[in-house]
Amino acid sequence: MALSSSSPVAVVAPCRFLSPIATTASRDLLSFAAAATRRRLLLSTTTTTIAAAMAAPASSCKVIDSHLHVWATPQQAKEEYPYFPGQEPTLRGDDEFLLECMSEAGVDGALIVQPINHMFDHSLVTSTLKKYPSKFIGCCLANPADDGSGIKQLEHLIVQEKYRAVRFNPNLWPAGQKMTNEVGRSLFSKAGELGAPVAILTMKGIGPYIQEIEELCRDYPATTVILDHMSFCKPPTNDEEEKALSSFLNLSRFPQVYVKYSALFRITREAYPYEDTAQLLSRAISHYGANRIMWGSDFPYVVPECGYKGAREAISLVAGKIPVSLSDLDWILGKTVSQLFQGAWVTP
């Protein structure tokens, strides 16, 4: 009788005429077969569980990457889209490579964030947005120059070039200046007036910038805010880190604040699939709700870390540790960002 993972193990009583040696051999054979069957069942169950966790949500919702970058190839940089001096990339980040990665991972669209590699020259990203209008929307980079020229540039990029958001990088403010200076306030206010969310990058952690962010949120409630990469909060290991995470979570009291659960390789202390970030996601959901949280890969930086497809799959694996409901996972993987940027990622 053939043994399989779908049929019970047959237990056959040994024949009374068999010798003790034959009887022992038969029992050993049956024990071995039963153990093998259990192993196959366990392997089958484990494989099925992993496959289910990595599968896309059982819904028709689009999967949208809320945070990635594109930049020119070296050839494109020579001919048309130069890199900013000192910011030459070491990774491939062209839009054709991105599209290949998205197709493999089953990602339907993305928000492209202007990369530091091209600084305030948005021509490369603009060209990608125009080539693939149903696939991508853009987040420009705020220019906080003292002369206020960045305010006109912001308006041009949003009104004329159809960018949908703007990034604030406090490291780009003039030395000694804060995001709450006159130019910063004007940029923040103008973004709200134009309906463009402000995505804030806090590479040094949220601690040094929490007062500025709270002040801007309090004074300009009409401006939507997005906190990139969970504000670089890692699973806390001491009181100082717990305080930083609490500051990040307490910003949920401002209803206009959203969160990117993105670039997991930057906020983890573990190897792929970054399961320690499950506690961060759980606490973020408890404070913000899944409808204010969105997934982002941080392509192409994520490629050498775990691959683009791996970044997409990690979300489902981590979510399974909490666990996150399929409905909440839908919000995180696409519904939140789609609702925030209504009219985007619509196939003509």
Side-chain angles (χ1 to χ4, degrees), residues 64 66-67 69 109-116 118-123 125-126 128-130 133 136-174 177-202 206 209-228 231 251-260 288-289 291-294 296 335-346:
I64 305 296
S66 74
H67 193 104
H69 310 277
L111 173 64
I112 299 177
V113 179
Q114 170 71 9
I116 198 72
H118 293 288
M119 197 59 77
F120 304 119
D121 178 359
H122 290 71
S123 56
V125 171
T126 300
T128 297
L129 300 179
K130 290 181 176 179
F136 302 119
I137 63 172
C139 174
C140 59
L141 180 62
N143 180 355
D146 282 332
D147 61 6
S149 58
I151 301 169
K152 288 186 177 180
Q153 183 187 35
L154 173 63
E155 187 166 10
H156 169 78
L157 289 168
I158 293 174
V159 176
Q160 300 299 323
E161 302 297 351
K162 308 305 179 184
Y163 281 74
R164 299 291 301 271
V166 56
R167 167 176 259 192
F168 271 31
N169 181 346
N171 292 331
L172 298 179
W173 257 250
Q177 296 291 309
K178 296 182 178 181
M179 292 184 289
T180 48
N181 68 1
E182 183 178 353
V183 170
R185 285 175 165 274
S186 296
L187 287 166
F188 197 87
S189 176
K190 176 60 70 173
E193 177 187 323
L194 297 173
V198 174
I200 302 178
L201 175 73
T202 56
I206 198 168
Y209 310 109
I210 185 64
Q211 291 183 348
E212 297 168 58
I213 295 172
E214 289 178 332
E215 185 176 329
L216 290 170
C217 288
R218 185 171 55 250
D219 294 350
Y220 304 96
T223 302
T224 298
V225 171
I226 304 173
L227 302 174
D228 287 351
S231 292
L251 287 173
S252 62
R253 70 185 187 276
F254 297 104
Q256 72 271 33
V257 177
Y258 289 71
V259 170
K260 285 184 182 178
Y288 288 91
N291 63 338
R292 290 163 66 188
I293 301 172
M294 61 198 90
K335 285 180 68 177
T336 297
V337 68
S338 296
Q339 186 177 81
L340 190 57
F341 299 103
Q342 293 187 16
W345 304 295
V346 176

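All values below were derived from every heavy atom in this structure, side-chain atoms included, with hydrogens, water molecules and symmetry-related copies excluded. The first residue of the sequence shown is numbered 1, and numbering continues consecutively from there.
Between the side chain of Q114 and the backbone N or O of D121 there is at least one donor-acceptor pair closer than 3.5 Å.
For R167 against C139, the heavy-atom pair with the smallest separation is N-SG, 3.6 Å. Considering every non-hydrogen atom in both V257 and L227, the closest pair reads CG1-CD1, 3.8 Å. The heavy-atom pair separating T126 from Y163 by the smallest distance is OG1-OH, 2.7 Å. Summarising the geometry of F188 relative to L216, their closest heavy-atom pair is CE2-O, 3.5 Å, with the distance given to 0.1 Å. When all heavy atoms are compared, the tightest approach of R185 to Y220 is NH1-OH, 3.1 Å. The nearest pair of heavy atoms linking M179 to F168 is SD-CD2, 4.0 Å.
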Indicate every side-chain donor-acceptor pair of residues 144-152 with a distance under 3.5 Å to a residue at least two apart or in another chain.
from : atom 1 : to   : atom 2 : distance (Å)
D147 : OD1    : S149 : N      : 3.0
D147 : OD1    : S149 : OG     : 2.8

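Annotation: the span from T202 atom OG1 to Y209 atom OH amounts to 7.5 Å, rounded to 0.5 Å. Atoms NZ and NZ, on K130 and K162 in that order, are 10.5 Å from each other to the nearest 0.5 Å. Rounded to the nearest 0.5 Å, atoms CD1 (I206) and CD (E212) are 11.0 Å apart. Here K335 contributes atom NZ and L340 contributes atom CG; the two are 14.5 Å apart, rounded to the nearest 0.5 Å. Of the inter-residue distances, the one linking R218 atom CZ with F254 atom CZ reads 6.0 Å to the nearest 0.5 angstrom. Interatomic distance, CD of Q339 versus CD1 of I64, reported as 13.5 Å (0.5 Å rounding).
Looking at heavy atoms from C-beta onward, L251 lies in side-chain contact with E214 at the 4.5 angstrom threshold. Between L141 and H122 there is a side-chain heavy-atom pair separated by less than 4.5 Å. Side-chain atoms of L157 and V166, non-hydrogen and from C-beta on, never get closer than 4.5 Å to each other.
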Run the side-chain contact (heavy atoms from CB on, under 4.5 Å) check on E161 and L129 step by step: do they pass? CA-CA 9 Å; E161 302 297 351; L129 300 179; over 6 Å; no

Could you please spell out the steps behind the side-chain contact (heavy atoms from CB on, under 4.5 Å) verdict for D228 and V113? CA-CA 11 Å; D228 287 351; V113 179; 5.6 Å; no

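By the 4.0 Å N-to-carboxylate-O rule, K190 lies close enough to E193 to be salt-bridged with it.
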